[in-house]
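I have placed the structure first, in the form of structure tokens, so that the comments after it can refer back to it.
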Number of protein chains: 2
Amino acid sequence: MGMLVERLRTRGWRMTPQRRVVAEVLEGRHGHLTAEEVHALARERLPEVSLATVYNTLNELAVMGEVLAVSASEGPKRYDTNVSEPHQHLVCVRCQALVDVHPVGQDTLGLPDAERHGYELLDVEVVFKGLCAECRTAEPERAPKA
Amino acid sequence: MGMLVERLRTRGWRMTPQRRVVAEVLEGRHGHLTAEEVHALARERLPEVSLATVYNTLNELAVMGEVLAVSASEGPKRYDTNVSEPHQHLVCVRCQALVDVHPVGQDTLGLPDAERHGYELLDVEVVFKGLCAECRTAEPERAPKA
DNA sequence: GTATATGCAAAGCATTTGCATTAAA
DNA sequence: TTTAATGCAAATGCTTTGCATATAC
């Protein structure tokens, strides 16, 4: 059984079959799944699990910092299980395929005081946009990829 | 009358009262308005204009590059009229107040080949997240600000 | 036993769309 | 006169919520 499930239980998270199965799906696949995809995979193991519960669980995991909700400008949110390693995203503008890229230009993290407008700076989100290899050649539309 | 309206007409854009009024609202206010806000302001001048038309018009302007659709992770899209000057955004995570900040760490625009995963790079979006001055002190929730 | 999670179905929000009507060119 | 834009209301896609039931602790 996964470390994620352990960690959550020790934090006093009430463990149910539904929550366990969601945690296991996330732990198994390191990807960028949508709520629907998590739901589909969770159902393979536990057919009764509802989409509402998947959403609730993903939101809780996000609050606990165990998962990162990535909102591409198009389409549904993706849930990123890679929370330990700092990274950024590269998204295909055509098919929404998403990959992790690793910090280059970390210096962007600094915004000079003169540019802070009184804000307390918490984070920077950097999203690279492009066309993935398949979309550079293909004509027809494709389904999004994790 | 604004230069925006002129420019659009010379590009062969069919000019209607609705479109003109939307263009004028955008030109008057340099801000980051939502579609609803644009609609409200447009109605002050032309009460019959519909929300659907505002959406259609904003989308067309975005395709023409006259406006930039900014999707904050929370809430509706903001339409940014500042398209000439390269800049980035700083968003309050609490009230969604949004300000422009000016390119620092432009070098982020480069993603080394080794990190490109076969993608053709088109753009980078950099969004700084923080707490605005008001939210740093205030307790109660506030309405979003342009 | 009690607090909390679940499933369902309905509501929500932002946005798009179909279609008959109207108006710009 | 032709081609395209409008308004409306309904449909869409994603996500949240209310509430009665079920269940982990």
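Every chain is numbered from 1, with letters handed out A, B, ... down the list of sequences. All figures in this text were calculated on a predicted structure; none of them were measured in a lab.
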Quick one: is Gln18(A) getting a side-chain N or O under 4.0 Å of the dT23(D) phosphate, OP1 or OP2? no
Check the angle between the aromatic planes of His87(B) and His102(B) and answer parallel, tilted or perpendicular using the 30° and 60° thresholds. tilted
Partner set under salt bridge (Lys or Arg N to Asp or Glu O under 4.0 Å) for Arg136(A), not counting sequence neighbours: Glu120(B)
Could you check how far CE of Met15(B) sits from P of dA23(C), rounded to whole Å? 18 Å
Before giving the answer on side chain to side chain contact (heavy atoms under 4.5 Å, CB included), spell out for Trp13(A) and Leu61(A) the whole-Å C-alpha distance, their side-chain angles and the decisive distance to 0.1 Å. CA-CA 10 Å; Trp13(A) 205 45; Leu61(A) 291 171; 4.1 Å; yes
Donor-acceptor contact present, side-chain Thr53(A) to main-chain Val49(A), <3.5 Å: no
Hey, which sits more toward the 5' end of DNA chain C by its nearest nucleotide, Trp13(A) or Arg14(B)? Trp13(A)
Just jot down the salt bridge (Lys or Arg N to Asp or Glu O under 4.0 Å) partners of Arg14(B), sequence neighbours excluded, or say none. none
Quick check: on DNA chain C, is the nucleotide nearest Pro17(B) upstream (toward 5') of the one nearest Tyr79(B), or the reverse? Name the residue that is more 5'. Tyr79(B)
Is the side chain of Glu115(A) donor-acceptor paired with the backbone N or O of Pro112(A) at a distance under 3.5 Å, no angle test? no
At under 4.0 Å, does any side-chain N or O of Thr16(A) touch on OP1 or OP2 of dT4(C)? no
Applying a 4.0 Å non-hydrogen cut-off, can you work out what Asn59(B) is touching in the nucleic acid: base, sugar-phosphate, or nothing? sugar-phosphate
With a 4.0 Å cutoff (strictly under), does any side-chain N or O of Ser50(B) reach OP1 or OP2 of dT6(D)? no
Between P on dA5(D) and CG on Leu61(B), what's the gap in Å once rounded to a whole number? 12 Å
Of the listed nucleotides (dT15(C), dT6(C), dG7(D)), which one gets closest to any side-chain atom of Lys77(B)? dT15(C)
Reckon Glu36(B) touches a base, only the sugar-phosphate, or nothing at all at heavy-atom distances under 4.0 Å? nothing
Side-chain N or O of Tyr55(A) closer than 4.0 Å to phosphate OP1/OP2 of dT16(D): no
When the C1' atoms of the five terminal pairs at each end define the local axes, what inter-axis angle does the helix from dG1(C)-dC25(D) to dA14(C)-dT12(D) show, to 10 degrees? 30°
Using side chain to side chain contact (heavy atoms under 4.5 Å, CB included), reason through Leu4(A) and Glu66(A) one step at a time and then give a plain yes or no. CA-CA 8 Å; Leu4(A) 177 53; Glu66(A) 293 290 351; 3.4 Å; yes
